Amino acid sequence: MPEGHTLHRLARQQTALFAGRPVRVSSPQGRFAAGAELLDGRVLDRSTAYGKHLFGAFGGDVVHVHLGLYGTFTTGTGVPPDPKGALRMRWEGDGPDGAGVWTDLRGATACEVLTRPEVTAILDRLGPDPLRRGADGGRAYRRIAKSRTPVGALLMDQSVLAGVGNVYRAELLFRHRVSPFRPGHALAEDEWARMWADLVVLMRAGVKLGRIVTTVPADRERRRGPAALADAHYVYRRTGLPCRVCGTEVRTEEMVGRNLYWCPVCQAV
DNA sequence: TAGAAATGTTTAG
DNA sequence: TAAACCTTTCTAT
C-alpha cells in the first residue's frame, strides 16, 4: 500500500514506538543479515520519511527502506509471531511504556544500511514532498511547465514530485478535471497551485487514515466507517464503471508502464 | 497448483 | 522500451 502517506505514517509510528531506546534487529530471512548485525542493540534516534523513502537513523548509520510495489511492515505489541515467509527485517523493542513492541518488514525493494552522505544523495534526486513542512510546490511547477511530457507521467516522476504514486496521480487529475495526456507546459500556474494545495490536504488525510480516500473529506469518511471503502476513489481501478460525476465509463490505458485511469468526458483536455 | 495482479524503481538494450 | 526484481494474495483451472 505504499505511496508517500504510508511511509510518513510508518515514520511516525516507528518513532513513537522505538525511538530513544535500543532495538533488537534481526533478519530471519537472511537477506539483511549483515545490516541487522551492525545495528542490533543500538538506539534508534528516529525514523523519517521523504517521498516514498523511509530512513531509520541509528547514529551515523541509517537504515534505508523502499517498499517498492508490495513491501509491507506489520507491527504489533507483545511477543512477536514465529517468523514465517520471507521476513527481511524484524525490530523488537520495549515500547514507550515498557511493553514489548515489534515490527516486521517483508517484500521491500530496498532495505540497506547507508551512511549520511549516501542518504543525502538520495534526497538530492527527489522533488518536493507535499507531506514535508515547507515543501515548495513551485519547484515541481518549474519542471512541469517546461516539459512536453504528459502530466500523467510527470506526476509519477519522483524527481518532479516525491511521494505521489498511481492512486494519487489518477485521483488528483480527476479532481482537477485535467487530462493525463495534457503536456506539462499546458498546465497553468494557478491550476498547479490548486492541485498542490489539494495534494497536501489529501495526503495528510491519507497519513491520518492509513489509506487513500479522495472522494470524501477525511473526517466525514471516518464517521461513515467501512461502508465508505467501496467509494474511496473517483477513477482509480474503476475501469468500465460509470464516472461518479458524469456517468461516462471510466477508461484505462498504460502510461509509462503503469495503469492509468481517467474519465474521458470530465478530463477531456 | 498455476497464474495474474498490485499503491514502484532500477538496469539493460 | 522492456525486463528484472522484491512477496503476498486472490482467482481460475
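Note that the coordinates shown come from a computational prediction; the quantities given were computed from them, not determined experimentally.
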(Q) Among B/dA6, B/dT9, C/dT7, which nucleotide has an atom closest to any side-chain atom of A/Q158? (A) B/dT9
Q: Could you give the distance separating B/dT10 and C/dT8 at their P atoms, to the nearest angstrom?
A: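 C/dT8 and B/dT10 have their P atoms separated by 22 Å.
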Q: Determine the Euclidean distance between corresponding C1' atoms of C/dT1 and B/dT7; express it in Å to zero decimal places.
A: 23 Å
Expressed in angstrom and rounded to an integer, what is the separation of [X] atom [atom1] from [N] atom [atom2]?
X: A/M255; N: B/dT7; atom1: CE; atom2: C1'; value: 17 Å
X: A/R258; N: C/dT1; atom1: CZ; atom2: P; value: 17 Å
X: A/L7; N: B/dT7; atom1: CG; atom2: C1'; value: 11 Å
X: A/E254; N: B/dA5; atom1: CD; atom2: C1'; value: 12 Å
X: A/F73; N: C/dT8; atom1: CZ; atom2: P; value: 14 Å
X: A/N166; N: B/dA5; atom1: CG; atom2: C1'; value: 13 Å
X: A/L69; N: B/dT10; atom1: CG; atom2: C1'; value: 14 Å
X: A/R237; N: B/dA4; atom1: CZ; atom2: C1'; value: 11 Å

(Q) Under a 3.5 Å cutoff, is there a donor and acceptor pairing between the side chains of A/Q267 and A/R177? (A) no
**Q.** Residues A/H64 and A/E112: side-chain donor-acceptor under 3.5 angstrom
**A.** yes
Phosphate contact ([N] OP1 or OP2) by [X] side-chain N/O below 4.0 Å:
X: A/R211; N: B/dT7; answer: no
X: A/K52; N: B/dT7; answer: no
X: A/Y236; N: B/dT7; answer: yes

Q. Any ion pair linking A/D157 and A/R143 (charged N to carboxylate O, less than 4.0 Å)?
A.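 A salt bridge links A/R143 with A/D157.
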**Q.** Salt bridge present between A/D190 and A/R194 (N-O < 4.0 angstrom)
**A.** yes
Q: Using atom types as modelled and distance alone, determine if a side-chain donor or acceptor of A/R116 lies under 3.5 Å from a backbone N or O of A/G59.
A: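 Checking the backbone N and O of A/G59 against the side chain of A/R116, a donor-acceptor pair under 3.5 Å is found.
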Q: Check every strand shown and say whether A/E171 touches a base, only sugar-phosphate, or nothing at a heavy-atom separation below 4.0 Å.
A: nothing
Q.
Before we go on, tell me: are the rings of A/H233 and A/F174 under 6.0 Å apart, centre to centre?
A.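 Here the rings of A/F174 and A/H233 have centres that are no less than 6.0 Å from each other.
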**Q.** Close approaches to DNA chain B from residues 113-132 of chain A, in residue order (heavy atom, under 4.0 Å)
**A.** A/R125
Q: Find out whether the Lys NZ or Arg CZ of A/R175 is both under 6.0 angstrom from the six-membered ring centre of A/Y234 and within 45° of the ring's axis.
A: no
